[in-house]
Amino acid sequence: MTAGMPVALVDCNSFYASCEQVFQPRLQGRAVVVLSNNDGCVVARSREAKALGIKMGEPWFQARHRLQGQGQAEAVTALSSNYALYADMSNRVMRILGRFSPRQEVYSIDESFLELDGLPEPPEVTGQRIRATVLRWTGLPVCVGIGPTKTLAKLANHLAKQDPAWAGVCDLAVLDAGEVERLLAPIPVAEVWGVGQRLAQRLGALGIETALDLRRAPSKRIRQHASVMLERTALELRGIACLDLETLSPDKQQIRCSRSFGATVSSLAELTEAITTFTSRAAEKLRAQQGEAAAIAVEIRSSAFRRDAAAYAASRVVPLAAPTADTRALVAAARAGLNRLYKPGPAYAKAGVILLDLSRAAERQPDLFADSSADDRSQVLMATLDQINRRFGRGSLTLANARPAPRWRRREQFRSPRYTTRLDELPVAHC
DNA sequence: TCTGGGGTCCTAGGACCC
DNA sequence: TCTGGGGTCCTAGGACCC
């Protein structure tokens, strides 16, 4: 644990909403919200949408009703999420950020840590160049937080977003302790990275209500009442680096694919279709990291928001005979699990699968008794399947019972075109 | 009518063993 | 009536993140 080099957290402002505004300039300066799968919840809000009191994660039908009551419904544009667009824009942003430091951790779709060390200029100046470059090359606004630790960089980013006086870049690493403490004093402890609502409540009972309180809390007291994780967080708030920059993204330990349905389903046949589709998608992701799964979990449930007698949720883990990345073997196991879980009656609202016990295919000990030629044939077939789906679009080639347009498919009433990843949906400039 | 999806890590407690 | 102690492994559940 050392006093670290300055680290920056670069975070796109209202990322999904900003992506939409880049390609639909008439949305700039307007309240825009982006909705989750099935147009269910609000997952991104433009600044103007936040100002209208729309909450993150709020069910859209509730927000809409409230806004209608206030005569504000017309002021908001709601869009279905367009992940193809956001993922592509994210890749562009991350590549640009990589030019500013050889040490980069891509933390999420819209956030990246950068180590700012050995620069010929003050980090704050680099921060401003990052903002200007990303804006000019992608149209997306970002804020930059800088600190001696990742946790302080996160908090600095929060400050930069909150107070326009920072002009989008807040560097805590250059401030003395007194100035840092003055800035942390008004920040609720729940804003600190790693402290959620539950923990904030418990800390409140101990008299720890702000980021400053947590910074000053004795380690022993924290360990007594919470976890070693929180103790690390408190040290990070004091400028003692406990969290390394993770420049290599590790393989996933589990791969999940689950969806709420656009319309509830009751029949085993339809659930089988859904589970087949989800397993195929998860297997694709598994092969993309050269992995194999030794088990698969299947889950089905009725709506979590209805408390009637028919409420039903069940899951089951099915071990595989041998670790595999073959869609056919995974689907067979998932279907076996589903058959054990299924009971007629409930209106199923959601289903999913999780690939578990993952390992690298290349590191597996060969099974002396297995037919290795079957293994080779499977790999060739799966590689071909993935290649075709990459070239012609996801779902071009599927197992026989994964149908293309099932009744339970998601609702997406308001999706914008996939401007950057589909030739037939390119933006058109009218001259 | 209408309530997301995909991850990680830690901990408590049970099973099992000597 | 009284029923060890400690280690390891696994799993389920909780909390957190975006």
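Order of the sequence lines sets the chain letters (A, B, ...), proteins ahead of strands, with each chain counted from 1. All values below were derived from every heavy atom in this structure, side-chain atoms included, with hydrogens, water molecules and symmetry-related copies excluded.
- Although no hydrogens or angles enter the test, the distance criterion places no donor-acceptor pair under 3.5 Å between the side chain of A:Asp88 and the main chain of A:Thr421.
- Note on A:Leu199: only backbone sugar-phosphate atoms sit closer than 4.0 angstrom, heavy atoms only; bases stay farther off.
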So which protein nitrogen or oxygen atoms get under 3.5 Å of nucleotides 10-13 of chain C's nitrogens or oxygens?
none

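- For A:Ser260, the side-chain atoms get nearest to B:dG5 when compared with the rest of B:dG6, B:dG5, C:dC17.
- Regarding A:Glu412, its CD atom lies at a distance of 16 Å from the P atom of B:dT3, rounded to whole Å.
- Nucleic acid contact class of A:Trp193 (heavy atoms, under 4.0 Å, all strands): sugar-phosphate only.
- Spacing between C:dA15 and B:dT3 at atom P, rounded to whole Å, works out to 25 Å.
- At a threshold of 4.0 angstrom between heavy atoms, the contacts of A:Asp110 are confined to the sugar-phosphate backbone, with no base atom among them.
- Phosphate proximity of C:dA15 to A:Arg202: absent, as no side-chain N or O sits under 4.0 Å from OP1 or OP2.
- Of the charged side-chain nitrogens involved, none lies within less than 4.0 Å of a carboxylate oxygen, so that A:Asp386 and A:Arg390 do not count as a salt-bridged pair.
- In this model, the phosphate group of C:dC18 is approached by a side-chain N or O of A:Lys154 to a distance below 4.0 Å at OP1 or OP2.
- The closest donor-acceptor contact from the side chain of A:Gln104 to the backbone of A:Met94 lies under 3.5 Å.
- B:dG4 atom P lies 15 Å from atom OH of A:Tyr16, rounded to whole Å.
- Comparing B:dT8, B:dC2, C:dA15 by their nearest atom to the side chain of A:Arg198 picks out C:dA15.
- Nucleotide B:dG7 holds its P atom 11 Å from the CG atom of A:Leu286, rounded to whole Å.
- Salt-bridge check for A:Lys161 with A:Asp11: passed, with a basic side-chain N closer than 4.0 Å to an acidic carboxylate O.
- The nearest whole Å value for the distance from the CD atom in A:Glu105 to the C1' atom in C:dC17 is 12 Å.
- A donor-acceptor contact closer than 3.5 angstrom links the side chains of A:Thr327 and A:Arg287.
- Separating the CD atom of A:Glu231 from the C1' atom of C:dA15 is a distance of 18 Å, rounded to the nearest angstrom.
- Nucleic acid contact class of A:Glu111 (heavy atoms, under 4.0 Å, all strands): sugar-phosphate only.
- The side chain of A:Arg64 sits closest to B:dC2 out of B:dG5, B:dC2, C:dC16.
- Comparing A:Ser227 and A:Ser258 by the nucleotide of DNA chain B that holds the closest heavy atom to each, the one mapping nearer the 5' end is A:Ser258.
- B:dC18 and C:dG5 make up a base pair, with Watson-Crick or G-U wobble contacts both under 3.5 Å.
- Of the candidate nucleotides B:dG5, B:dG7, B:dG4, B:dG4 has the atom lying nearest to any side-chain atom of A:Tyr83.
- In this model, the phosphate group of B:dG5 is approached by a side-chain N or O of A:Asn37 to a distance below 4.0 Å at OP1 or OP2.
- Residue A:Leu35 is out of contact with every strand shown, counting any heavy-atom pair closer than 4.0 Å.
- When ring centroids are compared, A:Tyr107 and A:Trp193 come within the 6.0 Å threshold.
- Considering only side-chain N and O atoms, A:Lys350 lies under 4.0 angstrom from the phosphate OP1 or OP2 of B:dG5.
- In terms of modelled atom types and a separation under 3.5 Å, the side chain of A:Arg238 and the main chain of A:Arg215 share a donor-acceptor contact.
- No engagement by A:Val42 is indicated, since no non-hydrogen atom pair under 4.0 Å with the nucleic acid exists.
- Nucleotides B:dT1 and C:dC17 are separated by 34 Å at their P atoms, to the nearest Å.
- Side chain of A:Asn82 to backbone of A:Pro417: a donor-acceptor contact under 3.5 angstrom is found.
- For the pair A:Tyr107 OH and B:dC9 C1', the computed distance is 11 Å after rounding to whole Å.
- Following rounding to the nearest Å, A:Arg410 (CZ) and B:dG6 (P) show an atom-to-atom distance of 11 Å.
- Applying the 4.0 Å criterion to OP1 and OP2 of B:dC2, one finds that A:Gln413 has every side-chain N and O outside that range.
- Nucleotide B:dG5 holds its C1' atom 15 Å from the CG atom of A:Asp39, rounded to whole Å.
- Classification of A:Glu236 and A:Lys154 as a salt-bridged pair fails, no side-chain N sitting under 4.0 Å from a carboxylate O.
- Heavy atoms of A:Arg232 sit under 4.0 angstrom from primed sugar atoms or phosphate atoms, though from no base atom.
- Nucleotides B:dC2 and C:dC18 have their P atoms positioned 30 Å apart, rounded to a whole Å.
- Between A:Lys252 and A:Gln62, it is A:Gln62 whose nearest contact on DNA chain B lies nearer the 5' terminus.
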